[in-house]
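Per chain, numbering begins at 1; letters A, B, ... match sequence-line order.
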4 protein chains.
Amino acid sequence: MLETETTTRRERRIAARKAQLLEAAAHVFSHKGYEKATTKEIAEVADVSEGTLFNYFATKRELLIGVAKAYADEVAADIASVQGETFEDMLAQLMANRFRRGQERRLFMLFLYESRLNADVHEYYVQEALHRIIAATEQRLTALIDSGVMRPVDPAIAARMMSATIMGFAALFELGVSIGTGSPEKLGADVTDIYLNGLRN
Amino acid sequence: MLETETTTRRERRIAARKAQLLEAAAHVFSHKGYEKATTKEIAEVADVSEGTLFNYFATKRELLIGVAKAYADEVAADIASVQGETFEDMLAQLMANRFRRGQERRLFMLFLYESRLNADVHEYYVQEALHRIIAATEQRLTALIDSGVMRPVDPAIAARMMSATIMGFAALFELGVSIGTGSPEKLGADVTDIYLNGLRN
Amino acid sequence: MLETETTTRRERRIAARKAQLLEAAAHVFSHKGYEKATTKEIAEVADVSEGTLFNYFATKRELLIGVAKAYADEVAADIASVQGETFEDMLAQLMANRFRRGQERRLFMLFLYESRLNADVHEYYVQEALHRIIAATEQRLTALIDSGVMRPVDPAIAARMMSATIMGFAALFELGVSIGTGSPEKLGADVTDIYLNGLRN
Amino acid sequence: MLETETTTRRERRIAARKAQLLEAAAHVFSHKGYEKATTKEIAEVADVSEGTLFNYFATKRELLIGVAKAYADEVAADIASVQGETFEDMLAQLMANRFRRGQERRLFMLFLYESRLNADVHEYYVQEALHRIIAATEQRLTALIDSGVMRPVDPAIAARMMSATIMGFAALFELGVSIGTGSPEKLGADVTDIYLNGLRN
DNA sequence: AATGAATGAGACTTCATTCAT
DNA sequence: TATGAATGAAGTCTCATTCAT
């Protein structure tokens with residue numbers, strides 16, 4: 001047996017365990033909130049003993065940071081994949097990608113809240129995820145303005161405004177506020193319409 | 001001394017105590033979050049003993065509900081006072097009124113988070129506050145559309161979109177995301193401009 | 001009821017509780033050692049709940065420091081009371097006072113050990129207690145040398161040597177080493193004899 | 001390969017492993033104390049896995065006993081080597097040999113403490129080591145008295161007194177009490193002087 | 001009505017020991 | 001034989017809630 005193979009197998013096992021624990025933690029944190037979640041329940045969901053959990057993450061807080069990091073990575077990969085050329089495509093993808101699944105929205109709410117109380121979470125969620133999304137949006141808007149498709153509005157403000165709208169919709173959804181009677185597609189189309197053409201007659 | 005007078009005086013004193021405790025609770029909850037806040041600290045801030053606190057609120061959770069109720073009342077009073085005739089005025093007031101003070105934003109974040117975890121908080125915050133704001137906005141938009149000032153967009157969606165944008169801005173602000181280099185007035189003007197005239201060239 | 005009386009009664013009750021807990025802690029620490037002692041057992045010995053214990057001492061370590069402080073105070077009071085004029089009296093009192101009771105010896109062993117591992121304990125035990133004993137002994141020896149009763153040996157070394165001997169005897173006793181077949185009085189007399197007259201023929 | 005040779009080789013390997021583990025344990029125990037020392041750290045210092053450690057010592061306590069036994073053996077070998085003919089030589093060697101190195105003093109403190117809490121440690125440390133030293137000292141003193149060099153004091157008490165003094169000096173040193181301003185040689189000479197000639201003028 | 005000491009359930013975390021590989 | 005991941009008992013500490021004064 002080669003050294004590298006042995007090492008790799010062990011590393012794979014460790015990585016799998018960590019992933020398994022992070023998944024369980026994400027589940028429990030997103031449903032109960034960080035403080036109400038117990039390491040006991042996380043261990044149960046991951047189907048390991050509580051002691052085992054602490055072999056992989058030294059503290060409960062590290063578990064939260066691990067979930068935040070994984071979430072930020074996912075978001076980063078996601079925005080890199082947004083390829084729509086037109087504004088309609090871009091906005092639709094931004095609105096859909098992040099918040100389609102309930103778990104995504106719950107994690108978003110979790111980090112929205114915990115970022116204010118924990119510096120590490122703030123770093124991963126706000127710096128790594130949120131700032132990237134905003135920067136990417138701003139770049140796209142600048143290009144659209146330069147190409148003459150859009151009016152010369154302040155792209156920094158427009159990008160933040162779009163992020164704010166999307167985050168706000170996610171929050172409304174999560175709070176159980178019914179949004180329109182139509183399909184998600186109609187919602188996307190209506191929002192895009194207002195963003196593009198404005199409300200003025 | 002008449003019975004009723006005595007009763008009234010007692011009731012006033014009780015109401016004052018409750019208000020004093022709710023104010024302290026709002027302060028501590030909004031800074032520490034519900035779970036990390038302790039009844040000990042709330043009592044200290046209210047300058048009463050912990051025992052007294054529990055004479056007025058049976059559980060810590062009731063305190064949270066009380067704060068949510070007071071917050072909803074405040075919001076209700078606030079939207080009743082929005083009098084702006086033009087769209088610009090309406091949007092400006094909505095953006096400014098709720099979230100100008102840090103305490104307001106922090107409470108907003110608190111209830112945004114806790115509404116998902118507690119049915120009573122959800123009732124007061126979402127039903128009493130959020131739905132009212134949205135309904136009022138929707139009414140106003142309908143009027144503006146009927147009067148021909150605005151295009152015939154779906155007023156339900158537009159109202160929710162505006163609430164979402166405002167909530168999202170509050171969250172971004174609370175997360176420390178820098179929003180534009182200009183003044184709050186410029187931000188308000190820019191947002192209004194995009195909402196009114198759209199982004200398309 | 002006067003303010004001062006009320007306050008005093010409360011303070012007395014608090015002081016009594018603290019003393020009760022310190023006594024229990026001294027008992028358990030001296031028998032089990034600091035690490036093996038549990039807050040559960042200390043609370044049981046003090047006949048209060050574990051929660052109550054932590055209302056008076058924030059951490060287990062503070063409890064140890066409290067015991068050390070009380071012990072140092074006791075030692076300080078004790079050395080102040082050593083009044084023997086002659087060398088024989090002084091040595092006899094030093095040997096007897098500190099270590100006659102088992103609890104005293106056990107605490108001595110505890111702090112001897114824990115002083116190396118905890119700065120606060122070191123401060124109270126070594127600085128407050130040990131250094132005082134040595135300094136007082138040194139002063140007395142200097143006086144005896146000046147008065148011509150004793151030879152001009154280095155009083156600093158002689159004082160430390162006497163302390164070392166006494167501490168060593170306490171340790172031997174605590175370890176169950178049988179010391180002489182005679183009475184404690186004979187031991188004291190023999191040790192004094194050797195210190196005074198030396199071993200040389 | 002002969003059976004006996006194989007067995008012997010294995011036994012040698014086992015003995016070497018045990019020695020390696022005991023050395024690591026002595027190091028960690030003497031620095032951290034028994035309770036705060038972890039089997040994990042001992043294994044790391046010995047450069048083996050925790051599982052291996054438990055293949056050689058069934059419990060952590062057995063490790064402590066092993067260290068005590070090794071320490072007692074070393075002390076026994078040491079006292080056998082004390083060859084000084086005169087009292088000065090004997091006292092000097094006793095004071096120097098055991099406690100010159102910090103590791104020695106720390107182990108001394110460890111066993112001084114743990115002997116009271118563990119019967120096996122007590123057996124090895126007190127019975128094997130301490131009693132032998134005292135017995136050897138007593139023998140020597142008896143010889144010196146018989147030969148007329150020393151006064152006819154009780155040799156049992158004198159031997160215990162000398163052990164006590166030496167142990168006490170080791171403790172004072174370990175506690176950071178400064179002992180005289182001079183060299184260790186001066187200290188040894190002064191102590192010997194007092195022991196031989198006494199303090200009386 | 002106000003107080004705050006007492007309570008005890010339950011949280012996070014540590015670590016000696018086991019055991020499958 | 002060596003490994004180290006898994007275990008779970010046990011420890012310290014927190015805090016909402018109760019209740020005698």
Side-chain angles (χ1 to χ4, degrees), chain A residues 1 6 9-10 13-14 16-18 21 35-43 46-63, chain B residues 10 13-14 17 34-44 46-63, chain C residues 1 6 9-10 13-14 16-18 35-43 46-63, chain D residues 10 13-14 17 34-44 46-64:
Chain A
M1 227 183 281
T6 308
R9 186 173 300 165
R10 176 180 305 159
R13 211 177 45 213
I14 290 176
R17 256 299 141 82
K18 280 198 161 193
L21 284 162
E35 297 292 343
K36 291 282 293 181
T38 66
T39 52
K40 186 172 186 288
E41 184 177 1
I42 294 170
D47 202 33
V48 296
S49 74
E50 225 175 327
T52 296
L53 187 158
F54 282 96
N55 283 344
Y56 292 87
F57 295 89
T59 62
K60 185 187 175 189
R61 197 142 280 268
E62 260 191 31
L63 217 34
Chain B
R10 174 186 296 171
R13 207 178 51 210
I14 289 177
R17 261 290 148 86
Y34 175 71
E35 296 294 340
K36 295 231 50 154
T38 65
T39 50
K40 187 174 191 292
E41 185 177 0
I42 292 170
E44 272 165 13
D47 203 33
V48 298
S49 74
E50 237 181 314
T52 298
L53 187 157
F54 279 95
N55 284 340
Y56 291 89
F57 294 90
T59 65
K60 186 186 175 190
R61 195 143 281 269
E62 266 191 24
L63 264 176
Chain C
M1 228 180 284
T6 308
R9 187 173 300 165
R10 178 180 302 160
R13 212 178 45 213
I14 290 178
R17 257 298 141 83
K18 278 199 163 193
E35 297 293 342
K36 291 282 292 181
T38 65
T39 51
K40 185 172 188 287
E41 185 177 0
I42 293 170
D47 202 34
V48 297
S49 75
E50 223 176 329
T52 297
L53 187 158
F54 283 97
N55 284 343
Y56 292 87
F57 296 90
T59 64
K60 185 186 175 189
R61 196 144 281 266
E62 259 191 31
L63 217 34
Chain D
R10 173 184 296 170
R13 210 178 49 209
I14 289 176
R17 263 289 148 85
Y34 174 70
E35 295 294 341
K36 296 230 49 152
T38 64
T39 52
K40 188 174 192 289
E41 184 177 2
I42 293 169
E44 272 166 12
D47 204 32
V48 299
S49 73
E50 235 179 317
T52 298
L53 185 156
F54 280 94
N55 285 341
Y56 291 89
F57 295 90
T59 65
K60 185 187 176 189
R61 197 143 279 269
E62 266 192 24
L63 264 176
L64 179 66

**Student:** Measure the distance from NZ on K40(A) to P on dA9(F) and round it to the nearest whole Å.
**Tutor:**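 Between P of dA9(F) and NZ of K40(A): 12 Å.
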
**Student:** Measure CG/D47(A) against C1'/dT7(F) and give the value in whole Å, please.
**Tutor:**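 For the pair D47(A) CG and dT7(F) C1', the rounded distance is 13 Å.
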
**Student:** Atom OH of Y34(D) and atom P of dT14(E): how far apart are they, to the nearest Å?
**Tutor:**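 Nearest whole value for this atom pair: 19 Å.
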
**Student:** Check I42(A) against L21(A) and note the closest heavy-atom contact, atom names and distance.
**Tutor:**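 The pair with the smallest heavy-atom distance is CG2-O, 4.3 Å.
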
**Student:** To the nearest 0.5 Å, what is the distance between CG on L53(A) and NZ on K60(A)?
**Tutor:**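 It is 11.0 Å, given to the nearest 0.5 Å.
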
**Student:** Heavy atoms only: give me the nearest K40(C)-E50(C) pair and the separation to one decimal.
**Tutor:**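 In terms of heavy atoms, the two residues are closest at N-OE2, 3.6 Å.
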
**Student:** Where along residues 49-57 of chain A does a heavy atom fall under 4.0 Å from DNA chain F?
**Tutor:**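 Residues of residues 49-57 of chain A under 4.0 Å from DNA chain F: S49(A), G51(A), T52(A), N55(A), Y56(A).
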
**Student:** Given 3.5 Å as the limit, does a donor-acceptor pair link the side chain of Y34(B) with the main chain of R61(B), or not?
**Tutor:**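 Pair found, side chain donor or acceptor close to backbone of R61(B).
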
**Student:** Under a 3.5 Å cut-off for both distances, is dG4(F) Watson-Crick or wobble paired, and to whom?
**Tutor:**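 Paired with dG4(F), as far as the under-3.5 Å criterion goes, is dC19(E).
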
**Student:** Round to the nearest Å and state the distance from R61(B) atom CZ to dC15(F) atom C1'.
**Tutor:**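 Answer to the nearest Å: 15 Å.
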
**Student:** Which comes earlier along DNA chain E counting from the 5' end, the contact point of I14(B) or that of T59(A), where each point is its nearest nucleotide?
**Tutor:**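 With I14(B) and T59(A) compared, the 5'-side residue is I14(B).
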
**Student:** Which one is paired to dA9(E), where only Watson-Crick or G-U wobble pairs with both distances under 3.5 angstrom count?
**Tutor:**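 Partner of dA9(E): dT14(F).
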
**Student:** Quick one: label R17(D) by what it contacts on the DNA or RNA (base, sugar-phosphate, nothing), any heavy atom closer than 4.0 Å.
**Tutor:**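 If one applies the 4.0 Å heavy-atom cut-off, R17(D) turns out to touch the sugar-phosphate alone, with no base involved.
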
**Student:** Checking all strands, does T38(C) fall into the base, sugar-phosphate, or nothing category for heavy-atom contacts under 4.0 angstrom?
**Tutor:**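 Sugar-phosphate only.
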
**Student:** To the nearest angstrom, how far is E35(C) atom CD from dA16(E) atom P?
**Tutor:**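 The answer, rounded to whole Å, is 12 Å.
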
**Student:** Base, sugar-phosphate or nothing for A37(D)? Non-hydrogen atoms, less than 4.0 Å.
**Tutor:**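 Result for A37(D) = sugar-phosphate.
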
**Student:** Would you indicate, yes or no, if dT21(E) has its OP1 or OP2 atom less than 4.0 angstrom from a side-chain nitrogen or oxygen of R10(A)?
**Tutor:**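 Indeed not, no polar side-chain atom of R10(A) lies that close.
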
**Student:** Examine dA16(E): is either OP1 or OP2 under 4.0 Å from a nitrogen or oxygen in the side chain of K60(D)? Give yes or no.
**Tutor:**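 Indeed, a polar side-chain atom of K60(D) lies that close.
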
**Student:** Side chains of F54(C) and T39(C): does their closest heavy-atom pair fall under 4.5 Å?
**Tutor:**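 SC-SC contact between F54(C) and T39(C) confirmed.
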
**Student:** Please find the pair of heavy atoms, one from K18(A) and one from Y56(A), that lie closest to each other, and give the distance.
**Tutor:**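 What the structure gives for the nearest pair is CE-O, 3.7 Å.
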
**Student:** Hey, is the side chain of R13(C) poking within less than 4.0 Å of OP1 or OP2 on dA5(E), counting only N and O atoms?
**Tutor:**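 No, outside the criterion.
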
**Student:** May I have the distance from E62(D) (atom CD) to dT17(E) (atom P), rounded to whole angstrom?
**Tutor:**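 Computing the E62(D):CD to dT17(E):P distance gives 9 Å.
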
**Student:** When the distance from NZ of K36(A) to P of dA16(F) is rounded to whole Å, what number comes out?
**Tutor:**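 Between P of dA16(F) and NZ of K36(A): 11 Å.
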
**Student:** Answer whether the closest heavy-atom distance between the side chains of N55(D) and R17(D) falls below 4.5 Å.
**Tutor:**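 No, every pair of side-chain atoms sits at 4.5 Å or beyond.
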
**Student:** Could you check which nucleotide pairs with dA1(E) in any of the strands shown, counting Watson-Crick or G-U wobble with both distances under 3.5 Å?
**Tutor:**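 With both distances under 3.5 Å required, dA1(E) matches none.
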
